[in-house]
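Read through the structure below, which is laid out as structure tokens, and then see the notes.
Since this is a predicted model, take the numbers as computed values, not measurements. Counting begins at 1 with the first residue of the sequence.
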Amino acid sequence: MEKDLNQNSPRIRKIRDNSYPPNTPTSRMNNNNQRDNHPNSPRDYNYSPSSPTARLRWRNRSNEIPAEVKRGNASNVRNLLLGDKNKYRSMWIRTCSSLWMLGGVFFIIYMGHLYIWAMVVGIQIFMAKELFFLLRRAHEERRLPGFRLLNWHFFFTAMLFVYGRILQQQLVNTVSSDRFIYKLVSGLIKYQMVICYFLYIAGFMWFILTLKKKMYKYQFGQYAWTHMILIVVFTQSSFTVANIFEGIFWFLLPAALIAMNDVAAYFFGFYFGKTPLIKLSPKKTWEGFIGASVATTISAFLFANVLGQFQWLTCPRKDLSTGWLHCDPGPLFRPEYYPLPTWIASFSPWKAISILPVQWHAFSLGLFASVIAPFGGFFASGFKRAFKIKDFGDSIPGHGGFTDRMDCQMVMAIFAYIYIQSFIVHQDYSVEMILDHISRSLGHEEQKMLYAKLGDILRHKLQGGF
């Protein structure tokens with residue numbers, strides 16, 4: 001016992017060396033006050049331990065929920081949520097980044113459906129990069145050259161499979177009127193499933209041939225992690241792209257509602273937040289959640305009216321050769337007028353209020369975006385805590401990575417697609433629907449053949465041939 005208590009014994013020196021930086025003087029380590037004030041002390045937030053034991057201890061401690069939140073002390077919680085000295089600087093950075101993103105998104109939306117689809121693909125690539133990096137181990141991958149390339153092989157194979165099916169009826173007539181390019185794109189789409197299948201089999205064989213002894217657990221773990229990423233990323237994005245080709249309105253409205261809810265929750269929590277909402281996110285507050293819910297629901301009603309005024313947002317696609325198609329927006333976007341009460345109309349220049357039927361559907365989307373979609377963010381917060389990280393990446397200043405911004409969008413995109421197919425899209429076939437399907441599904445030659453055959457049928461009927 002006396003030997004173990006000796007400060008210079010080998011056992012005590014080993015514990016001391018693993019707990020503190022190697023350049024810290026012994027006198028500083030013996031004095032608790034001096035040690036805590038040392039710039040490289042574990043209490044310094046810029047401190048980064050070098051030994052594996054110290055790093056594990058530091059990660060476990062740095063990601064714990066603050067004691068103030070656990071005890072529920074109201075005054076300490078108020079200081080935690082409202083007393084951050086750097087919050088105004090953080091808000092300024094976040095605001096500038098949001099404005100840049102907003103301007104870029106508006107420009108891409110104006111360019112049309114295919115450009116929005118390209119933006120979704122770019123976001124997917126950044127998300128996959130952030131998630132692939134999450135479980136990456138440099139030591140193992142140095143022994144597995146080309147293993148990261150295999151993950152991207154599976155990613156782009158899944159992209160070709162998902163988007164090939166979605167764009168089969170959308171892309172072929174909008175890429176180009178040139179005969180060679182048209183034939184090339186048509187051929188790729190026709191044999192898309194066969195191409196994707198053999199690409200996946202090639203990746204599967206590649207994986208089997210690269211298995212190494214003593215690396216099996218890591219390699220199979222990465223294989224499973226890659227497929228989970230593909231399911232999460234492409235499930236969300238496939239529904240998003242499907243919404244785009246129903247009309248930009250059905251892509252823009254759900255995305256705007258999620259952005260509105262996020263901004264409102266941030267500002268309500270910033271100025272009024274006092275009561276923690278969930279332990280997974282200590283800075284999320286009930287004040288922010290409730291305030292954002294009310295603001296998002298009201299905004300849904302207003303956004304739908306404003307966006308519904310632009311007819312080109314309701315078009316299913318933009319033809320690159322003829323520009324925006326002159327499509328009928330449909331009954332959902334035809335205004336209905338409701339007379340104002342007499343006592344209000346007497347003081348107002350308007351005698352009636354114009355409401356689009358789609359605004360009532362926007363209420364449902366707004367309620368979902370404000371009450372249920374935030375749980376996608378809570379899920380992401382728990383996921384990050386499980387991996388002991390603050391953000392998935394640092395691609396967007398003040399916001400983290402693209403995955404941090406798309407957590408709620410994933411949940412919202414799936415609900416929007418299901419809601420549109422269940423309550424918006426009519427299953428009854430009309431002349432307009434058939435013509436639109438023909439224009440999107442058949443090529444130029446097939447359309448000419450159909451036109452000639454329909455002409456023959458009509459002539460025979462008029463001549464009494466049938």
Side-chain angles (χ1 to χ4, degrees), residues 98 101-102 105-106 108-110 113 116 119-120 236-237 239-268 288-317 324 327-340 344 350 352-377 405-427:
S98 300
M101 288 190 295
L102 195 63
V105 169
F106 280 161
I108 292 173
I109 288 174
Y110 176 75
H113 299 68
I116 302 174
M119 178 185 69
V120 173
Q236 172 261 335
S237 60
F239 287 108
T240 301
V241 174
N243 292 338
I244 292 172
F245 288 102
E246 287 292 341
I248 297 178
F249 177 91
W250 299 112
F251 161 77
L252 186 57
L253 180 62
L257 293 179
I258 291 296
M260 179 65 195
N261 186 76
D262 189 34
V263 172
Y266 179 77
F267 279 98
F268 275 99
F289 182 80
I290 296 173
S293 299
V294 175
T296 304
T297 306
I298 296 174
S299 299
F301 194 78
L302 300 176
F303 285 173
N305 190 295
V306 174
L307 297 176
Q309 305 298 326
F310 299 92
Q311 181 178 334
W312 57 274
L313 289 177
T314 65
C315 295
R317 65 187 175 93
W324 292 110
C327 59
D328 181 11
L332 286 177
F333 298 94
R334 296 193 185 108
E336 298 176 354
Y337 296 93
Y338 297 87
L340 292 172
I344 296 179
W350 299 280
I353 182 172
S354 172
I355 295 179
L356 301 179
V358 74
Q359 290 181 255
W360 306 116
H361 292 287
F363 260 129
S364 301
L365 296 176
L367 285 173
F368 187 91
S370 59
V371 178
I372 300 177
F375 281 84
R405 292 298 90 207
M406 298 301 296
D407 46 14
C408 299
Q409 295 283 3
M410 294 181 184
V411 181
M412 188 66 194
I414 298 174
F415 172 75
Y417 177 80
I418 294 173
Y419 186 89
I420 292 168
Q421 298 301 319
S422 301
F423 301 105
I424 304 296
V425 177
H426 296 288
Q427 300 301 323

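Atom CG in Leu302 sits 9.5 Å away from atom CE in Met260 (nearest 0.5 Å). Once rounded to the nearest 0.5 Å, the distance linking CZ of Arg405 with CG of Asp262 reads 4.5 Å. Going from atom CD1 of Ile258 over to atom CE of Met410 covers 12.0 Å, rounded to the nearest 0.5 Å.
Between Phe415 and Phe368, the ring-plane angle classifies as parallel under the 30° and 60° cut-offs. Using cut-offs of 30° and 60° for the angle between ring planes, the Phe245 and His113 rings count as parallel.
Aromatic ring centres of Tyr419 and His361 lie closer together than 6.0 Å.
Residues Leu257 and Phe303 form a side-chain contact, since some pair of their non-hydrogen atoms from C-beta on lies under 4.5 Å apart. Within the 4.5 Å cutoff, no side-chain heavy atoms of Thr240 are placed close to those of Gln409.
With Tyr417 as the partner, the ring pair (Phe, Tyr, Trp, His ring centres under 6.0 Å) test is satisfied by one option alone out of Phe423, Trp250, Phe239: Phe239. If you run side-chain contact (heavy atoms from CB on, under 4.5 Å) between Ile248 and each of Thr314, Ile116, Asn243, only Ile116 comes through.
For the residue pair Gly308 and Phe333, the shortest heavy atom distance occurs at CA-CD2, 3.9 Å. Leu332 approaches Pro357 most closely through the heavy-atom pair O-CD, 3.2 Å. Across all non-hydrogen atoms, the minimal contact from Pro374 to Ala369 is CD-O, 3.4 Å. Looking at every heavy atom in both residues, Gly377 comes nearest to Asp407 through CA-OD2, 3.5 Å. Of all non-hydrogen atoms in Thr297 and Ser370, the two that sit nearest each other are OG1-OG, 3.8 Å. Nearest heavy atom pair, residue Ser354 against residue Asn305, reads O-ND2, 3.4 Å.
Partners of Ala265 according to the side chain to side chain contact (heavy atoms under 4.5 Å, CB included) rule, which considers only residues two or more places apart in sequence or in another chain, are Ala292. Val294 meets the side chain to side chain contact (heavy atoms under 4.5 Å, CB included) test with Ile298; sequence neighbours excluded. The side chain to side chain contact (heavy atoms under 4.5 Å, CB included) test applied to Leu307 returns Phe249, Leu252, Leu253, Leu313, not counting sequence neighbours.
In this structure, the side chain of Glu336 does not engage the main chain of Ile355 through any donor-acceptor pair within 3.5 Å. Within the 3.5 Å criterion, the main-chain N or O of Ala242 finds no donor-acceptor partner in the side chain of Glu246.
Counting heavy-atom neighbours within 6.0 Å of Ile372 CD1, excluding the residue itself, gives a total above 12.
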